[in-house]
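Since the structure comes first, as structure tokens, the remarks are kept for the end.
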Amino acid sequence: MAGALPEQELAEAPGIAGRSILVKVPATSANLGPGFDTLGLALAQYDELEVSVIDAGLEIEVHGVGAGEVPLDDSHLVVRAAAHSFARAGYALPPIRLVARNTIPHGRGLGSSGAAIVAGVMIAKGLLEGIVEFDADRLLELATELEGHPDNVAPALFGGLTIAWTTPEGPRHKKLIVHRGVSPLVLVPEHEMSTALARSLQPEQVPHEDAVFNVSRSALLVAALIQSPELLLAATEDKLHQNYRAQAMPETDALIRALRAAGHPAVVSGAGPSILVLASDPAERAEAAALVAERAETAWQALPLAVDFKGATVHAA
Ligand code: HSE
């Protein structure tokens, strides 16, 4: 996560005493093979949060994933992201009670940190409703400032398939609706992978022909996901990141090779170690899950997940 804002005088947000909101944020899978730091897909598995403005202090309760592990003070990632978003609007985060019910696995390449950051940004949007206007570009900008790259936070915010890019004015996105034949399967191992470690394994420069290879596959992947799922195997080839990172997740690499050899469009989900299979129908999902159950040396959980089309939501409790 990028650095915090410098200390500044922050005002108390007017008229938000007693406000109470519900926030829901989907899991995401980034990269999708060739679309490194650019493409992302929202998946129908959610972290849900209930947030109320209280008289004083900070109360945090975490249920489900992360309970007993994540900090329960102002270093909690959701709280940091909410405080950052309030501060960027010129306000101090008010005293809040936050109850999180998490289902997105941590450290597995399913966008849990992006979801926590998006939750924080949505808390600011919800609690400052009618006081500060957060449009789509602003939401993406705030979330990307904290996450460092926009490919997880864009689908977590907006749902569907997103193409995200950066401009001198900030990050931007285009949301696309995925072909209804596409049936994602996520395979989640028991071990975790650090995104920072995965990123450190990549070279500063890549051969021009590899760059061209990925440009062609990324363009094809957008067409395959919205119109032509039969092209998904060719469209999910990649030379920019997965091979460089394979040494840090050998079982993921071996299973992806086996899945692809059997004709399934399998890729590393985000920075790994989970695997995303972009199957074309539920039968293919079942075949891919069976192949992994047979070949894997450790326990892998198979999650058939629908594409989430809504993205993050916030409304009054
Ligand atoms: N595009 C990012 C990466 C996603 O692969 O490093 C994980 O944050």
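On a predicted model such as this, the values are computed, not experimentally measured, just so you know. When a ligand or atom number is given, it counts from 1 through the structure's own listing order. Numbers here are sequence positions counted from 1. All heavy atoms count here, side chains included; hydrogens, waters and symmetry mates do not.
Taking only nitrogen or oxygen atoms, main chain and side chain alike, Thr195 does not reach within less than 3.5 Å of ligand 1.
Salt-bridge annotation for Glu50 and Arg97: absent, with no side-chain N of the basic residue lying under 4.0 Å from a carboxylate O of the acidic one.
Under 3.5 Å, the side chains of Arg260 and Thr236 contain a donor-acceptor pair of N or O atoms. Side chains of Glu192 and His106: no donor on one and acceptor on the other come within 3.5 Å.
Contacts between Asp151 and ligand 1 below 4.0 angstrom, taking non-hydrogen atoms only, involve the side chain exclusively. If you look at Arg245 next to ligand 1, the close heavy atoms, those under 4.0 Å, all belong to the side chain. In His241, neither the side chain nor the backbone holds a heavy atom less than 4.0 Å from any atom of ligand 1.
Of the protein's heavy atoms, Arg199 NH1, 3.2 Å lies nearest to atom 3 (C) of ligand 1. When only non-hydrogen protein atoms are considered, atom 8 (O) of ligand 1 lies nearest to His149 CE1, 2.9 Å. When hydrogens are left out, the protein atom nearest atom 5 (O) of ligand 1 is Asn31 ND2, 2.8 Å; that is the closest non-hydrogen contact. Looking at atom 7 (C) of ligand 1, its nearest protein heavy atom turns out to be Asn152 OD1, 3.6 Å.
Close approach of ligand 1 to Asp37 is summarised as follows: ligand atoms under 4.0 Å from at least one heavy atom of the residue are 1 (N), 2 (C), 3 (C).
Ring planes of Trp300 and His191: perpendicular class, angle over 60° (limits at 30 and 60°).
A distance of 5.0 Å separates CG in Asp151 from CG in Asp37, rounded to the nearest 0.5 Å.
Cation-pi geometry between Lys239 and Phe213 is met: the NZ or CZ atom falls under 6.0 Å from the ring centre, inside 45° of the normal.
Under a 4.5 Å side-chain heavy-atom cut-off, the cluster of Ile, Leu, Val, Met, Phe, Trp and Tyr residues that includes Val206 is completed by Phe36, Leu240, Tyr244.
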